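Right, one structure below, let's go through it.
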Amino acid sequence: MRTYPEEFFVRKEKVKKLREMGIEPYPYRFEITHHSTDIKEKFEELEGKEVRIAGRIMTKRVFGKLNFAHLRDEFGDIQIVTQKGVTSVDGLPEEDGSKFFKKFVDTGDIVGIAGKVIKTKTGEISVLASSLKILSKALLPLPEKWHGLQDKELRYRERYVDLVVNPESRKVFKTRTRIIGFIRNFLNSRGFLEMETPVLQPVYGGAMAKPFETFSHVLGTKLYLRISNELYLKRLLVGGFEKVYEFSKDFRNEGIDRLHYPEFTLLEAYAAYWDYSDMMRMTEELLSGLAKEITGSYEIEYQGVKLSFEPPFRKIDYVKALTDKLGFNPVEADESKLREAGKFHEIDKYDRLPKHKLMDKLFDKLIGDEIKDPAFVMNHPVDISPLAKRHRSNPAVTERFELFILGMEIANAFSELNDPIDQRERFEKQVELRKSGDAEIPAEIDEDFLKALEVGMPPAGGIGYGIDRIVMLFTDQPSIRDVILFPQLRPKKE
RNA sequence: GGGCCGUUAGCUCAGGUGGUAGAGCACCUGAUUUUUAAUCAGGGGGUCGCAGGUUCGAGUCCUGCACGGCCCA
C-alpha cells in the first residue's frame, strides 16, 4: 500500500475547489513563445515585450498582493511575478491573480504565464504575469528545495523527480543525447548507413555472455535477447552494404557494478575493405572530436583524473606487454607456468579458470588497470579473439585492438575474420572451451552466419564502442547507473 | 559470493555511555506590494527499514532478514 503525505490531500482538495470555480486543473494546451534562457539571453531586445512561458513552480515567495516564484522549464529557471491589479487568472476575469496564486498554486505545479519581461528592483530579469494558467496541478510535494534529491536509491527509482529537482542530472542525459548525436553525424558523414538488426535472436553470439531467454508462442521457438549484433551486421557486409552501424541495446544476464549493467548500449560499426588500422584511426578521430565537442578541448577530467584525448593514442602490444610483466611469453608458456603467475599475482580462482581467461585477467590486472590516457591494446592472442583475423605476420595472435581509458574497456575492434573455414574451426574450439567449463561461450554455432561467410564477406574492419562508458567519461559520472535513465533495482517489498 | 557503511517526518539530516522523538525545508492558519533558501507569529505531521532477542525500559545493545551504497572477487 502506498502512503500519501498530508499535502496530497490538501492539494486534492484544491483540485476539487478549482473545478467548482470553473477552472480545469489539467487543461489541453498552452502556446509558448519563449524559454527561460531566451528571455535572459535576449533581455535587452525583449524588455517590456509580451512573452508566454510555461514550466514548473520551484519556489514561492508570497506577500499576497505581490508574489515571486521561480519557474523551471527544460532550459533553466526564471522568476515570475504576480501582482494585484496586473495579474488575471486564465478563464476567470474577475479573480485577483495574485491572491489566486497564493491560494491555489503550489511548488511543483506546472503553470503557463503570459506577461511582460521586466527587471525587478533587485535587478532580476523576470516575467510580470498579466495572465496565469494552471497547466497541471501537482498532488505530491517536491523534495527539499536546496539539497534536491540526494538518496541514490530514490534518484534511480524516481528518476522523474531526480530530473526535476537536480539540474545536473538533466544535464547528464542531455549530454548523453548530444554524444549519440555527434557519433551518428560522424558516421553518417563518412558514408556509414544506420541499420536495425534483430533484438530477438534464435542463436546468440558475437560476444561471450549469458543471455536473457524468452519464447515466441507464434514461432514455437526459444529466442534470446541479443548479447551483440555483430554477426548480423557482418551479414550485411556479405549482402553488399559497405559501411554499416547500429546503436544496439544489448542484454547480458550478468552482474551489476560500476561498469556493468544487464541492458546497455553498444555501437557497432563495420567497413568493408578496411582493416583494424583504419578503425584505429577512425577511433582517434571520433573520440578526440567528441572531447572537443563536449568539453571544448582534448583534455577532460574524470573523477579527479585528468585525461588527454589528443591523438595519436598510445599503442600497447598485448603479448609483448604481458611478456614484459610476467618474464615469459604467456601464449607459448605451458599451463603450469601461467597458473603459477596467477597465484603470484593473486588472481581469484587462478587454479580453476580456463587458461585463456586466466591470461586475460592477468593482463587486466597488470596492464589494463595501469592505463589512464586512451591507449590501444593490440594484437590479442587467437584464443580470446574468436572473430578476429589472424595477424598478417604472426598467426598466433590476431589483428585486434581494445581501447582502454582509465582501466576501462571502451572499444573492441578487429580486422574481421572472413575465412569461413578458419571461422568454423574457431567456433568448434569455442564449443570445446565451453565444455571445459566456460559458461559464457555460446552453446550453439551460428550455422547461418557461417553460411553467410561461405557466400563471401569482403575484408572488413569492425568495432564496438561501449556508449554508456563513453557517456560516463564525458559527463564525469562514477557509475553506469548514473548515465542510464531508468535503472532496474530490486522491487521494494512492502 | 565476501568485506565495510547506510536505512529516523514528504525531502535533507541531528539524535555521547539505553530513560516517553528533534531541526531546517515542505505543509496548514495569520501578517506582509520588491522577494532571492523572503521574513515574522502560531500549528499539524513519526510502526525510528522489517522480525526476533537482551533489559524494569531499545531509535540507541545483540541476532537474522530486506533494500541501497562503496570496495574486493
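In what follows, chains are A, B, ... by sequence order, proteins preceding strands, each numbered from 1. None of these values were measured; they are calculated from a predicted model. What you see below is based on every heavy atom in this structure, not just the backbone, and it leaves out hydrogens, waters and symmetry mates.
- Nucleotide rU39(B): paired with rA31(B) (Watson-Crick or G-U wobble, both distances less than 3.5 Å).
- Distance from the side chain of H147(A) is smallest to rU12(B) among rC11(B), rU12(B), rU32(B).
- The nucleotide rG59(B) finds no pairing partner, because no Watson-Crick or G-U wobble arrangement with both distances shorter than 3.5 Å includes it.
- Nucleotides rU32(B) and rC40(B) have their C1' atoms positioned 9 Å apart, rounded to a whole Å.
- Side-chain atoms of S98(A) and base atoms of rU33(B) include no donor and acceptor less than 3.5 Å apart.
- At the heavy-atom level, V81(A) lies nowhere under 4.0 Å from the strands shown.
- When the options I405(A), L287(A), I294(A), V483(A) are evaluated for a side chain to side chain contact (heavy atoms under 4.5 Å, CB included) with I470(A), the one that passes is L287(A).
- Counting non-hydrogen atoms under 4.0 angstrom, E144(A) reaches a base of the nucleic acid.
- Distances were taken from every side-chain heavy atom of V10(A) (C-beta onward) to each of rA38(B), rA26(B), rC28(B); the shortest belongs to rC28(B).
- Looking at heavy-atom distances under 4.0 Å, F8(A) makes no contact with the nucleic acid at all.
- The side chain of F63(A) approaches rU35(B) more closely than any other nucleotide in the set rC28(B), rU35(B), rC11(B).
- Between D369(A) atom CG and rC72(B) atom P there is a gap of 9 Å when expressed in whole angstrom units.
- With 3.5 Å as the limit, one finds no donor-acceptor pair spanning the side chains of E95(A) and S88(A).
- Listed nucleotides rG68(B), rG69(B), rC71(B) differ in distance to R481(A); the shortest reach to its side chain belongs to rG69(B).
- Where E7(A) and K121(A) each meet RNA chain B at their nearest nucleotide, the meeting point lying more 5' is that of E7(A).
- Taking a centre distance below 5.5 Å and an interplanar angle below 30 degrees as the stacking criterion, F68(A) stacks against the six-membered base ring of rU35(B).
- Here the separation of rU7(B) from rC48(B), taken at their P atoms, is 14 Å to the nearest Å.
- Among the atoms of the strands shown, none is found under 4.0 Å from any heavy atom of L142(A).
- For R61(A), a side-chain nitrogen or oxygen approaches OP1 or OP2 of rA38(B) to under 4.0 Å.
- In the set rU33(B), rG10(B), rU34(B), the nucleotide with an atom closest to the side chain of K65(A) is rU33(B).
- Note on K119(A): nothing from the nucleic acid sits closer than 4.0 angstrom, heavy atoms only.
- The partner of rA14(B) is absent, by the rule that a Watson-Crick or G-U pair needs both atom distances under 3.5 Å.
- With rC28(B), rC67(B), rG69(B) as the choices, the nucleotide that has an atom nearest any side-chain atom of R157(A) turns out to be rC67(B).
- Contact check, K152(A) against rC67(B): no side-chain N or O comes under 4.0 Å of OP1 or OP2.
- Among the nucleotides rA37(B), rU12(B), rU34(B), the one closest to the side chain of W146(A) is rA37(B).
- Residue-level contact check: L140(A) touches neither bases nor backbone, having no heavy atom under 4.0 Å from any strand.
- The base of rU33(B) sits with one of its N or O atoms less than 3.5 Å from a complementary donor or acceptor on the side chain of Q83(A).
- In terms of polar N and O atoms assigned as donor or acceptor, the side chain of K60(A) never comes within less than 3.5 Å of the base of rU35(B) in a complementary pairing.
- Nucleic acid contact for K145(A): sugar-phosphate only, since backbone atoms but no base atoms lie under 4.0 Å from a heavy atom of the residue.
- Checked by atom type and distance alone, the side chain of K65(A) never pairs as donor or acceptor with a backbone atom of K99(A) at under 3.5 Å.
- Side-chain atoms of N329(A) never come within 3.5 Å of backbone atoms of T323(A) as a donor-acceptor pair (strictly under, hydrogens ignored).
- Looking at heavy-atom distances under 4.0 Å, D151(A) makes contact with sugar-phosphate atoms alone, never a base.
- Residue-level contact check: R155(A) touches neither bases nor backbone, having no heavy atom under 4.0 Å from any strand.
- Nearest nucleotide to the side chain of L66(A), out of rU35(B), rU32(B), rU33(B): rU33(B).
- Side-chain atoms of Q79(A) come within donor-acceptor range of the base of rU35(B), with a qualifying N/O pair under 3.5 Å.
- Ring geometry, F313(A) versus F309(A): the interplanar angle exceeds 60°, so the pair is classed perpendicular (tilted spans 30 to 60°).
- Just one of R170(A), K152(A), R155(A) meets the salt bridge (charged side-chain N to carboxylate O under 4.0 Å, His left out) condition when paired with D162(A); it is R155(A).
- Y318(A) and F363(A) have their aromatic ring centers within a separation under 6.0 angstrom.
- Across the protein-nucleic acid pair, N67(A) atom CG and rU32(B) atom P stand 13 Å apart, rounded to whole Å.
- The base-pairing partner of rG68(B), taking Watson-Crick or G-U wobble contacts with both distances under 3.5 Å, is rC5(B).
- Listed nucleotides: rU35(B), rC71(B), rC13(B). Nearest to the side chain of Q150(A): rC13(B).
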Open item on the list: If you apply the rule side chain to side chain contact (heavy atoms under 4.5 Å, CB included), what do you find for E230(A) with F414(A), and how did you get there?
Closed with: CA-CA 11 Å; E230(A) 169 154 358; F414(A) 326 127; 3.5 Å; yes

